[in-house]
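Here the structure comes first, spelled out in structure tokens, and everything after it is commentary.
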Amino acid sequence: RRKREKNKERLEIEIIELKEPVIKKVSIDSNLAKIQVEYKSQQIQATYDINDKIIDGDVNQILSIKEVWIFSRKLNNKSPIWTLEEILDT
């Protein structure tokens, strides 16, 4: 992302379809809960340069994307908000 910003490039992602998320793993270690959620989607991705020319990707190609998002939350915290810790491409 920082490289794109430095080069004044922008990434555009159009989500065509998002399938139902699947919980892959739940763990509790001491006071920290973690959950791994798998997301599958159909997307169009393209990166543009400063002149709006496509330098990566293809606006006519639909990609099948599968990622696992890892969230965590301290169990003694009163806030119901989970923190996104990591995104794994699978």
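No continuous path of hydrophobic side-chain contacts links Val68 to Phe71 [ILVMFWY only; heavy atoms under 4.5 Å].
Among all heavy-atom pairs drawn from Val59 and Ala46, the shortest one is CG1-CB, 3.9 Å. The two residues Gln61 and Ile44 make their nearest non-hydrogen contact at O-CG1, 3.7 Å. For Leu75 against Ser30, the heavy-atom pair with the smallest separation is CD1-O, 4.5 Å.
Under the rule for a salt bridge (charged side-chain N to carboxylate O under 4.0 Å, His left out), the partners of Glu12 that lie at least two apart in sequence or sit in another chain are Arg10. Under the side-chain contact (heavy atoms from CB on, under 4.5 Å) criterion, Ser64 pairs with Gln42, not counting sequence neighbours.
Pairs of residues two or more places apart, or lying in two chains, that qualify as ring-ring contact (aromatic ring centres under 6.0 Å, His included) and include a residue from residues 33-55 are Tyr39-Trp69. Sorted by first and then second residue, the pairs that involve residues 68-90 and meet salt bridge (charged side-chain N to carboxylate O under 4.0 Å, His left out), not counting sequence neighbours, are Lys34-Glu85. Each ring-ring contact (aromatic ring centres under 6.0 Å, His included) pair with one or both residues in residues 10-32, not counting sequence neighbours, would appear here, but there are none.
Looking at Thr90, its side chain does come within 3.5 Å of a backbone N or O of Lys66 through a donor-acceptor pair. When atom types are taken as modelled, the side chain of Asn31 and the backbone of Asn76 share a donor-acceptor pair closer than 3.5 angstrom. With hydrogens and angles ignored, the 3.5 Å screen pairs a side-chain donor or acceptor of Asn77 with a backbone N or O of Ser79.
Residue-environment remark: CD1 (Ile87) exceeds the threshold of 12 foreign heavy atoms within 6.0 Å.
Asp49 has its side chain out of reach of Asn7: every pair of non-hydrogen atoms, C-beta onward, lies at least 4.5 Å apart. Contact check for Glu9 versus Asp56: no side-chain heavy atoms found under the 4.5 Å cut-off.
Here the CD1 atom belonging to Ile13 is positioned 11.5 Å from the CD1 atom belonging to Ile16, to the nearest 0.5 angstrom.
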Please table the atom pairs, donor to acceptor, closer than 3.5 Å between any side-chain atom in residues 17-29 and protein atoms at least two apart or in another chain.
from: Glu17; atom 1: OE2; to: Lys19; atom 2: NZ; distance (Å): 3.4

